[in-house]
Amino acid sequence: MAVRSFQARLLYLLIAVLVLLEAGTLVSVYLAGQRTLRRTVADELRVGALVLNRILDTRAQQLADSARVMALDFAFRDAVASGDMPTITSALLNHSKRVGTDTVFLIGLDGVVMADTLHGRLTGKRFPFPALLKMAEEGGEASATVSFQERPYQFAIVPVLGPRPIAWVGAGFEIDDRVLQDVERLTSLDVSLRGASAANDEAYASLPQHLPTGDGSRVDVLLRRSLEEARKPFVTLQLQIVALSSLILLAAVVAAVIFARSVSRPLHVLAEGAGRIGRGDYVSPIVVEQQDEIGQLAAAFNQMQSAIAAREDQITHQSTHDALTGLPNRTLFFDRVTQSIATSKRTGASVGMIMMDVDRFKEINDTLGHHFGDQLLIEIGRRLEQTLRTSDTVARLGGDEFAIKFTTPSVERAMEIAQRVGTAFDAPFVLGDVAIDVDASLGIALYPAHAEDADTLMKRADIAMYDAKKSLSSVAVYEAGRDEHSLRRLSLMMELRQAIGRDELELHFQPKIDVRTEHVVHAEALVRWKHALHGIMRPDEFIPLAEQSGNIGLITKWVLRKAIQQCAAWNRTGLDICIAVNLSALDLFDSELPTFISGLLSEAGLPPTRLMLEITESAVMQDTAYALKILSDLKSRGIGLAIDDFGTGYSSLGHLKRLPVDELKIDKSFVLNLSESSTDDLMIVRSTIELGHNMGLVVIAEGVETLEAWRILKRLGCDLAQGYFMSPPLPAAQFQEWFGTSKWGSGRPARQPPGV
Ligand code: C2E
Ligand code: CA
Ligand code: CA
């Protein structure tokens, strides 16, 4: 559009300039023509007047000559002298005929006409122009224009000498049409004796000529020039100029059109090319043959095009790939899943998705450094790609989270794939001089079995992954109805970190009783979360979340500080007991922990022997080498160690022997229903007590709810007991009160627990 209007504007401009130029030329030609016309006509009229006067002069001369010839004629003179009238008359007639005068007179000296050629009409009468006679008497001859019988005549009078004048001969020419036609013939004028009507004619330029008369009469000749006639050559000239101008204008318009096209066509090509680039076509270049500025512009456009293409490729890659591993990122992964689901809708195949989270990645990162963590992620990405087909997609969604998309005929097949993905973690990861065993939790979800769209599918695979983590199995398939639960977990996870700062955590204490003395020797610190919305939350609900979100270290440290301070305070007031604190499996990866605990102890002035750390069996089994190092460190500082939940983790005896522990805590699942009739529990509890004692460990049973259980434990020689039968976990103040009033506590001096 814009291009066409540019072309049109260029055209209009050129045409307007040309038209103006030509109009100017025509106007000046016209004005010059008018001026020349007026001058030419005036000149012609002046020349006409001269010609008229010259002809009249010549005729007057002729007239005088012929009159003179006659007056000199000898025979004629004789006849005049003798008064021979017939001879005179015939001589006058002959002469008049010969010379061509219109009239001839013989006039007596007295002024009376003696003979004439007008059939004697004036003979005997007085000559009608006495003034003329008088001029002749004075000057010898006379000639003048006069009116005779209402018509203008040139008249000449000469004397007939004998030798003195004896009479006058007068001759006249009529100024008639012939004379005027002579002038007309010599000029291009219209000549007439003055007529009133002709003088004011618009179509003519006129010049009245006043002829001098000898009798006081008025004789005017009107010279006229037809303006139309005079203008004819100018009109022709103007027409020729107009024709020529039109031709030039036409040629100019054609040239202008061609020029405008030649300018606008490459511009059009450029505009089209720019449009293509705008629409994202970076392939077809702009082709302009010209080498001029427009050609340069086209070249610049083409450069810009390829630069944009390169940059866009780069940006697209950056925006769809993870910078660290080079794997597709969440955006691209989501797109691919959406695509696969769309395809499956036609083909009927299932789309499988695995969400994967590296176990304990945060601890690894914190312990071994971010660089190590980065290298580990890159290596994990590489191994994952190796386990999969090229048609599958591996993506890093962020942090230590990976996702895999594949097509699968069934859940069983998806499980197989997940198993194969799991093999990527079989070999230890060797990075620099560190070799580390890494595990991952995998969650599986399938389209259309578990979700209808990509978003839901990803969420559900995520939920499955958390299930896998929680159940400590490496793979879990999504189970319907988990969403809400998982949402609550997610939001709790986020709130947990703030809980410490907001002072929402609280410790409860549960006594451990020496079975023999029936007196309290330990208190186990158990954490509670007074959540603004959910009320008092038990650790089973939020400790796993803290472990997953990497906040467990914060909680452990908070509990340790509170518990140690509380125990020191009690010791000072005579409540002379030891304090037990639970450690999470992940705490065993924190190499700073032993130093931190020592610091707390000396700060509170509590001897390390007063602190007992409980570690679950499964935690010690997970990463034995590292855990062993930390445990030995703690042990060497004089801190007591207990294996919690014993009996649930299938640990080998050989392994157990190598652990530097003091106490074995039989899991409450074996104790809760302990009775004389529960033979299985009875057997397990008995053999555990024996085993513990054989290894030189103090054995404690938790979950003692009944007097019967208490009696059985006492009979079996269990060292310590803990449970609702004696007391539930209580807040510090209530624990103190319980201690003062209960038979398990009441005033009796506390004894050092055996084995510590
Ligand atoms: P645990 O270490 O085995 O603690 C004993 C759990 O058994 C406590 O539950 C206690 O209330 C409960 N219990 C005690 N006697 C009885 C009884 O007679 N009958 C029954 N049914 N239960 C009894 P709690 O306080 O809910 O703690 C649950 C678990 O949370 C603990 O198991 C421990 O593993 C973990 N935990 C608690 N506090 C902490 C903490 O500060 N740090 C860490 N890492 N874990 C903690
Ligand atoms: Ca415990
Ligand atoms: Ca336990």
Side-chain angles (χ1 to χ4, degrees), residues 1-23 245-347 381 385 390-398 405 454-455:
M1 270 323 217
V3 171
R4 194 183 305 155
S5 95
F6 167 73
Q7 183 179 336
R9 283 209 309 271
L10 196 61
L11 254 178
Y12 293 154
L13 183 73
L14 280 167
I15 292 172
V17 167
L18 283 168
V19 166
L20 272 176
L21 213 71
E22 299 205 338
S245 299
S246 305
L247 270 177
I248 291 173
L249 188 63
L250 198 70
V253 166
V254 170
V257 168
I258 291 169
F259 174 68
R261 281 250 182 90
S262 79
V263 171
S264 66
R265 197 180 303 122
L267 283 180
H268 193 65
V269 172
L270 278 181
E272 251 179 24
R276 276 204 307 276
I277 295 175
R279 287 189 298 274
D281 175 357
Y282 302 131
V283 184
S284 18
I286 298 169
V287 184
V288 173
E289 306 277 284
Q290 284 151 277
Q291 302 290 312
D292 58 8
E293 289 86 341
I294 290 177
Q296 287 166 10
L297 195 58
F301 265 51
N302 287 333
Q303 264 170 19
M304 183 180 83
Q305 186 186 37
S306 42
I308 291 177
R311 229 165 298 146
E312 205 181 74
D313 278 354
Q314 201 185 339
I315 290 168
T316 311
H317 190 269
Q318 277 172 3
S319 67
T320 54
H321 288 78
D322 168 45
L324 179 66
T325 59
L327 294 175
N329 64 9
R330 185 181 287 275
T331 314
L332 182 56
F333 185 73
F334 186 82
D335 281 355
R336 297 242 175 113
V337 172
T338 310
Q339 195 106 45
S340 292
I341 287 179
T343 314
S344 311
K345 279 188 177 143
R346 292 197 308 274
T347 60
E385 276 187 310
T390 43
S391 58
D392 304 334
T393 300
V394 184
R396 180 175 169 229
L397 304 187
K405 182 224 75 179
D455 203 32

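Numbers here simply count residues along the sequence, with the first being 1. Bear in mind that the values here come from a model prediction, so they are computed numbers and not experimental data.
- Remark: the backbone N or O of T316 is not paired with any side-chain donor or acceptor of D313 at under 3.5 angstrom.
- Although no hydrogens or angles enter the test, the distance criterion places a donor-acceptor pair under 3.5 Å between the side chain of R276 and the main chain of P285.
- To the nearest 0.5 angstrom, T320 atom OG1 is 11.5 Å from I315 atom CD1.
- The minimum heavy-atom distance linking V288 with G295 is given by the pair CG1-CA, 4.2 Å.
- Not counting sequence neighbours, R336 has no partner by the salt bridge (charged side-chain N to carboxylate O under 4.0 Å, His left out) test.
- Here the closest non-hydrogen pair linking A454 and I341 is N-CD1, 3.4 Å.
- Between the side chain of N302 and the backbone N or O of I286, at least one donor-acceptor pair lies under 3.5 Å.
- N329 contributes a side-chain N or O that, together with a main-chain N or O of S319, makes up a donor-acceptor pair within less than 3.5 Å.
- Of the inter-residue distances, the one linking I15 atom CD1 with L20 atom CG reads 12.0 Å to the nearest 0.5 angstrom.
- Between the CD atom of Q318 and the CZ atom of R311 there is a distance of 12.0 Å, given to the nearest 0.5 Å.
- Partners of D392 under the side-chain hydrogen bond (donor to acceptor under 3.5 Å, both in side chains) rule, at least two apart in sequence or in another chain, are R389.
- Distance alone, capped at 3.5 Å, is enough to place a donor-acceptor pair between the Q305 side chain and the S284 backbone.
- Listed by first then second residue, pairs satisfying ring-ring contact (aromatic ring centres under 6.0 Å, His included) with a partner in residues 280-317 read H317-H321, not counting sequence neighbours.
- The CG atom of L18 lies 11.5 Å from the OG atom of S246; values are rounded to the nearest 0.5 Å.
- Heavy atoms only, all atoms of each residue included: P328 and V394 are closest at CD-O, 3.1 Å.
- To the nearest 0.5 Å, the span separating CD on Q291 from CD on Q296 amounts to 9.0 Å.
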